[in-house]
Amino acid sequence: MAASNEYRFQVNLSGMIQILSNHLYSSPKVFLRELMQNATDAITARSEAEPGFQGEVRVELTGIGEQLTMMVEDNGIGLTEADIHEFLAMIGQSSKRGQQALLDGETSFIGRFGIGLLSCFMVSNEIVMLTQSAKGGPSMEWRGKPDGTYTIRQLETQLSPGTKVYLRCTPDAAHYFEPEYVKEALFYYGALLPYPVTLRSEGVQDIVNADSPVWLTQPELAKGRKAEVLAFGGRLLGETFEDFIPLTTASGRTGGIAFVLPHAVNLNAKRSHRVYLKRMLISEKAENILPDWAFFVKCLIWTDELQPTASREHFYENEKLEEVRSELGDALRQGLSDMAENQTERLKKLIRLHALSMKALAVQDQDFYAMIYRWLPFESTRGHRELGELMAEGETLYFTTTVDEYRQIHHVASAQSLLVINGGYIYDNDLMATLPLAVQNVHTERLQPDQVSLSFTDVSPAQRNDYYDALRLADSALQRFRCRAEVKGFKPEDLPVLFTLSQESSTLRALEKASEESTELFSSVLGSLSSGISSAGYSTLYLNVNNPIIQRVLTTPDSQMTPIAIEMLYVNALMMGHYAMNRQELEVLNQGIVRFIDWGLRANTDRKGDA
Amino acid sequence: MNTEMDFEELMDEAYGLPNGTAKLGMLEEAARVADVNGMEEEAYEARSEIVETATFCGYPMKALIAFSWQLGKFDQQPERYDEETLMWSYKWILGELSSFPEVSRDKMMELLEDFGRRFKSFGYSDRSYWYYRFRIFMDLGDLEEAGSSYAKFRTMDRDFMSDCEACEQDEIMRYWILKGDDEQVLEAAKPILKGRMSCAEIPHLTLSEVLMPLYRLGRIEEANKHQQKGYRMIKGQNDFVQSFAEQMDYLARTNPSKGIDVLEESLVLAADHEDPFAKMMFYARAAQLLRRWAEESPGYRLRLPASFPYEGDPGDLHAMADYFEGYAKAAAEKYDQRNGNHHVSSLLANV
């Protein structure tokens with residue numbers, strides 16, 4: 001006679017399920033992962049007791065509609081009656097200590113088994129588990145319902161060691177029970193398992209992970225099996241890859257394949273490496289297992305040396321993880337170095353797609369930089385070019401540190417065939433600054449907007465004399481904007497003036513602008529700060545002597561006209577450079593326009609009067 | 001080519017970047033676009049981001065300028081903007097203020113009172129006021145006032161506007177550093193070093209700060225461990241220029257060759273740093289380190305970043321040390337003048 005006992009959990013089971021589904025698991029579909037995890041743990045436990053033991057997981061789908069049932073069977077160590085009571089007790093305790101205890105706790109194998117099993121209530125209203133412990137004792141049956149009732153009984157027949165779990169699907173979970181879905185999910189979670197996972201449905205039986213790849217134990221072998229590796233990665237990660245780099249750590253306890261993403265990635269994109277712990281999928285979005293710069297790859301990683309967090313989606317940030325991360329980073333870097341030496345075309349292709357990632361790494365690692373610098377793209381006055389090409393021009397590489405500076409000078413610089421690189425984009429100015437450290441015989445120099453004047457042509461002393469009065473008028477007109485005028489010749493000729501701003505004068509402009517808007521107290525603080533900025537903070541308005549309008553401004557006999565024209569050229573230069581104007585400057589602009597309209601109209605009227 | 005981007009595009013791009021000058025550049029561009037087009041709320045939003053980014057990547061002046069603008073706008077139309085974010089920024093500004101010797105002691109006190117008054121008016125705990133008072137007096141080298149502010153802030157309730165526990169603990173530790181009590185320093189560092197308190201900047205800062213106290217107590221092995229871990233956490237980051245100085249201070253005595261690595265790797269960050277105090281400390285420690293290194297490896301040519309404005313011979317380490325030291329001393333003098341004591345110049349003179 002079989003002993004049957006009806007029990008009731010001393011806890012609110014539906015509350016527990018709520019907690020699990022809201023806090024621990026991202027979606028009901030993880031019930032399969034949990035079942036596979038339980039099976040794997042059970043097989044591992046049995047293998048430890050019986051060396052050479054061959055594990056196996058079988059999944060079977062039967063029935064249709066309300067009768068649709070999934071059975072998941074393993075031949076692992078199984079549970080004794082005491083084990084079953086232990087996992088039930090564990091669940092009871094966890095719930096009494098609150099949800100945090102359930103989520104955080106270092107749990108035993110048995111405890112985890114029970115919690116994993118509970119996840120099945122997200123898709124089934126009844127869980128039946130038949131189990132036979134390899135340690136002996138009677139076969140047991142456990143039947144649980146989400147309302148918290150369950151029964152445990154001894155079976156009369158003796159099953160072979162292992163555990164079977166039967167789930168009857170709820171109507172809204174039916175899609176999790178479709179054969180195609182189950183097959184893909186099993187592959188997804190169990191692709192790397194070292195024993196067969198079979199699925200039987202509608203009379204057909206398949207080994208889901210039949211092609212368990214040999215390079216899993218030795219990632220180096222992957223190199224010789226390119227097509228196979230790419231296909232495997234494609235199926236598992238859902239993208240079509242063209243290239244990859246095998247990864248290993250010194251201990252050999254962590255390995256993987258870094259698949260090169262076939263599209264450009266934003267620096268801030270979520271890293272979504274897929275990590276298998278002891279060959280079971282643990283995380284689909286492990287962010288912290290590779291260095292930050294490695295955002296150009298999506299990795300498959302298997303490890304048996306890291307500790308997962310409770311959600312099992314990340315690893316604890318500890319020294320071990322740091323070590324693994326840096327070793328995986330080294331392996332990735334090594335892969336790139338090999339390419340730089342032997343397969344430059346392959347590397348160039350990769351850089352074209354992932355320049356940002358390569359630059360991020362180059363900033364951190366000079367040796368790497370030295371290896372790949374020639375293919376890194378930069379924006380310059382000679383267009384968008386690779387650094388190697390720009391260096392081949394054989395001159396000093398000038399660079400700006402901000403987009404702003406570059407914008408100020410690029411048209412003048414390019415008209416003068418000065419090679420200037422825009423260092424305003426992320427990493428670019430760091431890379432320019434450190435290039436001479438990484439590469440021999442190259443000279444880079446930071447160019448500030450006011451230095452462009454170096455390549456201006458001076459006007460002759462005689463000319464300067466001619467312009468003397470006009471320049472004095474210009475200077476006094478610009479004085480109140482802390483700007484001075486200078487006459488130079490430069491290309492392009494149709495550019496009448498060029499306004500340049502040193503870093504200091506730029507800071508001063510910003511200080512003044514903020515002062516206008518701020519509270520009295522802060523305005524006075526800003527005032528004392530601006531006193532600390534040297535008087536070198538003058539900006540310069542270069543008047544292009546080659547420009548016909550400027551010629552006229554400089555030589556007009558009308559001394560009333562000169563200051564007004566200069567002021568207007570000044571505010572015009574500000575507008576062209578997209579500088580925010582302060583109140584004074586806006587006023588000049590408004591008055592100037594009105595005045596010029598007035599003059600124009602008056603000149604017209606006068607001419608008519610003459611006629 | 002770089003065509004004019006609109007405000008949203010610029011902000012989007014900026015949000016996609018990690019803190020650094022590139023992000024700051026984008027944000028400034030966005031603020032300018034907003035200004036030019038009279039988009040005030042957008043200009044305010046961009047400046048919020050500028051304050052945060054600039055604070056954490058070495059541009060305190062830019063942070064101060066943007067914050068001043070924001071505060072003015074806020075006072076004009078307080079209902080239009082969120083006060084919590086703004087008041088949180090105020091703490092950063094207050095924390096940086098003493099680094100500018102042009103800001104007088106009186107002005108700092110006025111700002112502190114303005115800060116305290118504003119915090120009170122929003123119903124926040126007084127703890128932040130007393131805590132920042134503690135910090136400012138430490139910066140001014142007035143350890144007596146700092147000590148009494150310390151005693152006071154510790155008794156007050158934390159609230160959501162208080163600095164995090166880890167940051168507070170680090171400042172408390174700094175107090176003991178200034179007092180020259182190495183045992184107390186390590187006592188205060190304990191919860192941080194044990195990992196019980198941490199945040200985005202802690203233990204990064206702490207690991208470098210404890211090196212000299214450990215060195216003086218002869219606990220070299222521990223110090224070496226912290227040095228390695230600490231350097232790994234801060235390497236290449238603009239925000240930690242003062243920590244590089246502390247690392248060099250320690251390494252000059254224990255492992256100058258490694259110190260030179262730190263110097264070469266971080267000089268570009270220090271040279272471009274807008275916080276004159278951090279820069280001064282870096283230059284002072286660089287000078288010491290170079291002198292020690294000159295004894296050990298005469299004729300070594302220091303690798304200088306391309307943009308570094310030093311014209312002399314990079315192989316003459318003594319001349320270069322003079323250059324760094326000259327800079328640091330001139331800066332220290334300005335602080336001493338402002339503070340009315342010799343606190344800062346005595347920080348440079350090393351035991």
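Chain naming here is simple, since letters A, B, ... match the order of the sequence lines and numbering starts at 1 in each.
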**Item:** Residue part contacting chain A, namely of B/Lys235, when any heavy atom lies under 4.5 Å
**Value:** side chain
**Prompt:** In terms of heavy-atom proximity below 4.5 Å to chain B, should A/Leu526 be classed as side chain, backbone, both, or neither?
**Reply:** side chain
**Asked** Non-hydrogen atoms of chain B under 4.5 Å away: do they reach the side chain of A/Asn429, the backbone, both or neither?
**Response** side chain
**Prompt:** So what's closer than 4.5 Å to chain B heavy atoms on A/Ser523: side chain, backbone, both or neither?
**Reply:** neither
**Asked** Does B/Asp75 pair with B/Arg118 as a salt bridge, N-O distance under 4.0 Å?
**Response** yes
**Item:** Pair B/Lys229 + A/Glu322: basic N to acidic O under 4.0 Å
**Value:** no
**Message:** Need one label for A/Gln366: side chain, backbone, both or neither, based on atoms under 4.5 Å from any heavy atom in chain B.
**Reply:** side chain
**Message:** Taking side chain as everything from C-beta outward and backbone as N, CA, C, O, which of these in B/Thr21 sits under 4.5 Å from a heavy atom of chain A? Side chain, backbone, both or neither.
**Reply:** side chain
**Request:** Can you tell which part of A/Ser515 gets under 4.5 Å to a heavy atom of chain B, answering side chain, backbone, both or neither?
**Result:** neither
**Request:** Could you tell me how the ring of A/Tyr373 sits relative to the ring of A/Tyr369: parallel (under 30°), tilted (30 to 60°) or perpendicular (over 60°)?
**Result:** perpendicular
**Message:** Is the ring pair B/Phe56/B/Trp92 parallel, tilted or perpendicular, if the boundaries are 30 and 60 degrees?
**Reply:** perpendicular
**Check: B/Ser266 side chain, B/Val262 main-chain N or O, donor-acceptor pair, under 3.5 Å** = yes
**Message:** Can you tell me which of A/Ile426, A/Val363, A/Leu529 forms the most heavy-atom pairs within a distance under 4.5 Å of chain B?
**Reply:** A/Leu529
**Asked** Just checking, B/Lys91 and B/Phe119: is the charged tip under 6.0 Å from the six-membered ring centre and within 45° of the axis?
**Response** no
**Request:** Go through the side-chain N and O atoms of B/Glu41 and B/Tyr81 and say whether any donor and acceptor fall under 3.5 Å apart.
**Result:** no
**Asked** Given a strict heavy-atom distance threshold of 4.5 Å, which part of B/Leu111 is in contact with chain A: side chain, backbone, both, or neither?
**Response** both
**Request:** Select one option (side chain, backbone, both, neither) describing which atoms of B/Gln76 are under 4.5 Å from chain A's heavy atoms.
**Result:** side chain
**Asked** If we ignore angles and hydrogens, is there a donor and acceptor under 3.5 Å between the side chains of B/Glu265 and B/Tyr231?
**Response** yes
**Request:** Go through the atoms of B/Met108 and report whether side chain, backbone, both or neither lie under 4.5 Å from a heavy atom of chain A.
**Result:** neither
**Prompt:** For chain A, which of B/Leu97, B/Leu64, B/Val103 has the most heavy-atom pairs under 4.5 Å?
**Reply:** B/Leu64
**Message:** Could you measure the distance from the CZ atom of B/Phe7 to the CG atom of B/Asp35? Nearest 0.5 Å is fine.
**Reply:** 10.0 Å
**Request:** Pick whichever of A/Thr401, A/Leu437, A/Asp292, A/Asp430 has the most heavy-atom pairs under 4.5 Å with chain B.
**Result:** A/Leu437
**Message:** If we define contacts as heavy-atom pairs under 4.5 Å, which of A/Thr519, A/Asp428, A/Thr507, A/Leu435 has the most with chain B?
**Reply:** A/Thr519
**Prompt:** Any idea how B/Phe115 and B/Tyr90 line up, ring-wise: parallel (<30°), tilted (30 to 60°), or perpendicular (>60°)?
**Reply:** perpendicular
**Item:** Segment of A/Glu516 engaging chain B (4.5 angstrom heavy-atom cut-off)
**Value:** neither
**Item:** A/Thr396 side, atom OG1; A/His443 side, atom NE2 - distance, nearest 0.5 Å
**Value:** 4.5 Å
**Message:** Need one label for B/Phe74: side chain, backbone, both or neither, based on atoms under 4.5 Å from any heavy atom in chain A.
**Reply:** neither
**Request:** Could you check which of A/Glu517, A/Gln364, A/Glu520 has the highest count of heavy-atom pairs closer than 4.5 Å to chain B?
**Result:** A/Glu517
